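Within every chain, numbering begins at 1; the chains are lettered A, B, ... in the order of the sequence lines, protein sequences first and strands thereafter. Remember, predicted model here, so these are calculated numbers, not experimental data.
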Amino acid sequence: MDKEINYTESYFADDRVDGIEKVTGKAKFAAEHPLAEMAYAVFVCSTIPKGAIKNMVLYEARNAPGVLDIIYYLNCPTIPGHRPYDKDPNKKGFEWRGLKVFNDNIIYSNGQPIALVIADTLERAVYAASLVKAEYVTEDFITDFEKGKKDEALLKKAGDYKRGEADAYKTAAVFVEDEYTIPIETHNPMELHATTAVWEGDNKLTVYDKSQGPKGTQAELARNFGLDEKNVRVVTEYVGGAFGSALRSWPHVPAAVIAARKVKRPVKLVLTREQMFTMVGYRPHAWQKIAIGAGKDGKLVGISHHAISNTSTYEDFSEGIVGVSQFLYDCPNVNTSYKLLPLNINTPTWMRGPGPATGCFALECALDDLSYKLNIDPIELRLINYAEVHPASKLPWTSKFLKECYALGKEKIGWHNRAAIPGSLKENGMLVGYGMAGGVFGAGRGQAAAKGILKSDGSLVLQSAVSDMGPGTSTAMVTIGAELMGLPMNKIKFELGDTDLPPGPTQGGSGSTSAVGAAINAVCDSLKQTLKEMAIQQVPAFSTAKPEDVQYKKGMLFFKSDKTISISYTDLLQQSGKPEIEVIKDSARASAEAQKYAMHSFSVHFVKLQVHPVTGVIRLEHIVSTADAGKIITPKPARSQMVGGAVGGIGMALTEEVVIDHHFGRYVNSNFGDYHVPVNADTPIIDVLFADKPDPIINPMGSKGIGEIALVGVAPAIANAVYNATGKRVRELPITPDKLLS
Amino acid sequence: MINFEFVRTSTVKNAIAALSKTPGAQFIAGGTNLVDLMKKGVAAPKRLIDINSLPLRDITSDSKGILIGALALNSEVAEHPLIKNKLSLLAKALDAGASAQLRNMATIGGNILQRTRCSYFNDSTMPCNKREPGSGCGAKNGYHRMHAVFGASDKCIAVHPSDMCVALAALDAVVHTAGPKGERKVLFADFHRLPGDNPELDHHLQPGELITGIYVPANSFNKQHYLKIRDRASYAFALVSVAVALEVTDGIIKNAKLSMGGVAHKPWRLISTEQFLVGKAASKETFTEAAAVAMTGAVGLTHNRFKIKMGKAAVREALLQAIR
Ligand SMILES: Cc1cc2nc3c(=O)[nH]c(=O)nc-3n(C[C@H](O)[C@H](O)[C@H](O)COP(=O)(O)OP(=O)(O)OC[C@H]3O[C@@H](n4cnc5c(N)ncnc54)[C@H](O)[C@@H]3O)c2cc1C
């Protein structure tokens, strides 16, 4: 076997630094920290969508073998976070986010945790939980989005926008006007959400948690439990995917902490797959109405884009769905509106490409429709309306290589084979369609701190309390460190996912490489500077030099003017009797730049697919994803990110849909058998092409984000290809075979 | 999940005896369906009788047909040369089911007796006449995209989820059983029941009976195909599926057996379609007409109405694929 593959050094060049740990099972995820005296907690969840608990029957469960305790609203210990204003009624600012678990008997959604059974083994906890019975007072509820959105009284305004004239599309020579709907989609990463909580006395807490932002979780726990932040440690070294579901902490995190305090033992709480649907957010159900008008030359005249998405009744969640229509293309007249519809279900949250993923489905399909009406190639139509500056703010882009993306993808997918008339191309009896659509997401640079520890044995440890939910952040940081310090990758270790480390940002919005990379950059600069100064102080040959006379290259310090005078930094450290040097550096948010520039990553996705003319079954043949994500730091993980995004987009377009029974207000497909995440057989060849041009402004590495643009635009590209193949425009995702039956 | 007793048996006789001894006892084979149901509180056997060591795993043939042991794995059967060569329809249907991992655990007997995937049956907080007789049917006025368009009753609109069974029904297979009252042979098409007033009963197996094997009589079908339409390309239950077995000589259909999956409480034999086809030319025109015959009498509800159209498309396409 080995002989067939040429395992050259470059084959492994940007392998994930944590790949071996992950595939050999050495990596410890949140639920995999074995602790002495561990107790196991299992949630009991509500079976009604709205009302109140009248009575809880716990007798049988309490007496079941191994049960240590059962926590519910009547016996839950007082938590400062439940009543943030008790001490100071005027205190503003912090309020517990989301559901105050076990605070009262109110039911806001089906699947809401109402009790926690803690036992000495998981099996015993599961069994005892099945014995808990709740009696309810039920109330009228609404879970039906389609019904609710028609009732103006239920809707909450979430932002209007206007530039130029409202509804100017109506005055255009040609216009399209249609409604688009996406159902609830869940993140459902492979790793279940899990929290293991350990108290040391009453004031010190350690939590092993699946989190995209250990610092955020730390702050939230400290506030909710009235602790000093320094006494709360959150560890999230490995994360098995999240896609946004771990951007905040959900009720199971405080619940595990409460339980551990109550039973005075470490407590592990792992959600079930079913609970992953009802407790950790999802992409909200969204309705959109979009109208686009253009002149015969294809120049856009006006865009009107309106959206309603659902939230819960106990929390508002909104995302920038209609924002894309304001700036993705150059258009003088744009008006948008956005409203929220509270439903009696759990709260949604950011999911990969939040906002633009939904918005681009409408915008990019509508543009496709418009292109047929105008008889202009869809790529051409986008080029005609190319935004040279940000159309709303009129600021220049920090960088924009979108034209390159169009060109790359067009070539690779074989766009010239596309039929301009829908339904007219056939191969082997199958209808063939080509489609494309664009994606966009904000780029930028958040605040981050990092530490570097350079050791006399030649190794370098870099640290930041960021998490790596899967994109390869560790690999990128090691790569950046290796390049800047001129050291081999295997000499560098990136430590992360622990609040004891210097504060890193929450991993979201495709911003980790930019923020943490900038901090690592500062750390490496500082390490080099320190080494130069040490050389001047400690090494006689350098004593006459000024720091600017000394050069650092590949672990060696040289005299600029006489390269024969040199010392390796390992020798330098040894000679100076220092086993290691250490620096901590901050990198600020890119706020000054944000005043002067528009900062975005861009993608364009191209799809070739086949549709069976009679049964409506779709077979994807080829996806080409192109992206302007600045300079690509680590090509292999970056490619993987794009491929993963494309697969997520396939799910959005073709298979994924959470279904709710509106008589019972209950999810009916909350499992992996019935909620269809795309499988390998659904996935075609996916080619990834990067413009790979450094962004000169955002950060010293020249990188922009990839995570979101990998998915944004994939679903409309598929929908557009389906239209090209069949002449059928499906505006309600997912595009299942029944919707294409002829 | 409740506490239960677990016993292992290695002879058919002991297995039957062990089952009869405890009310609420159940056999367990691959466990891919039963264990899930136990975890969800849908099944709560007091005693599990592990039958995996019974000598019922062989696949043998004689001049009259092929006998498949009840404990042969779905994957083993699909891979077996006898099945691949003589019963390609069955191999295809097996391969279309579940995932490779599940097929490596699932047995033939368990596949026949797997329970419906109806969401209301599988959620013990919902009403379901099949799980809890008299509690009502949640699906009827609820979400029923996957549900029956043939043979449903007021009490139940669930479908039998198996792919393999659809093929076995078309192939006129026979279910071999053994029980306290001796051995029986039941024609496959008569094995499962329609829901009627007793949707809690899926089939005609008698209390205490064990499926020992499946017998598939020799046939002369030279054109066979299994077509499954589903929401994703693998690891999804059928929206509709069609098993086709044809004997075609000189372009004329001499014999035809068809059945459908995803449309009824049992594999749905298309008897009138078969009669329609025999004696006609194996052509697109014939197949188009046959497809219309196939779906005659189908009744759709809000979410599953599409199955009537899809069923027609699928029957036609399956017939076309079979002669390709
Ligand atoms: C997620 C998922 C997806 C699936 N997708 C598909 C699909 O697409 N198509 C498809 O056809 N199937 C599918 N299946 C179902 C799968 O085929 C069945 O679970 C499997 O065939 C059951 O076999 P088993 O041996 O594991 O049965 P078990 O779970 O062991 O038993 C099932 C039932 O049969 C009884 N039983 C078992 N053997 C005997 C016997 N010899 N005599 C009497 N009673 C017996 C048991 O008591 C039990 O009631 C899927 C299953 C899952 C979990």
Is it true that atom CZ of A:F672 has more than 12 heavy atoms of other residues, nucleotides or ligands lying nearer than 6.0 Å? yes

Lys/Arg N to Asp/Glu carboxylate O, B:D163 vs B:K228, below 4.0 Å: yes

Is the backbone of A:N346 close enough, under 3.5 Å, to the side chain of A:Y282 for a donor and an acceptor to pair up by distance? yes

Heavy-atom closest pair (A:L343 atom, A:T143 atom, distance to 0.1 Å) is CD1-O, 3.6 Å

Atom group of B:R316 that falls short of 4.5 Å from chain A, counting heavy atoms: side chain

Which portion of B:D123 sits near chain A, non-hydrogen atoms under 4.5 angstrom: side chain

Bottom line for A:V659: the part with an atom under 4.5 Å from chain B's heavy atoms is side chain

Are B:D36 and B:K40 ion-paired here, with the side-chain N under 4.0 Å from a carboxylate O? no

Given the ring of B:F276, does B:K280 sit roughly above its face, with NZ or CZ under 6.0 Å from the centre of the six-membered ring and within 45° of the axis? yes

Turns out that what part of A:H662 lies under 4.5 Å from chain B's heavy atoms comes down to neither

Residues B:R145 and A:D738 bridged, charged N to O under 4.0 Å: yes

Using non-hydrogen atoms only, which part of A:V668 is less than 4.5 Å away from chain B: side chain, backbone, both, or neither? both

B:T125, part contacting chain A, at a heavy-atom distance under 4.5 Å: side chain

Contacting region of A:H663 [heavy-atom separation from chain B under 4.5 Å]: side chain

Atom group of B:M126 that falls short of 4.5 Å from chain A, counting heavy atoms: side chain

Looking only at A:T655, A:V614, A:T47, A:L741, most heavy-atom pairs under 4.5 Å shared with chain B are made by A:L741

With only heavy atoms counted, which part of B:N122 is less than 4.5 Å from chain A, the side chain, the backbone, both or neither? neither

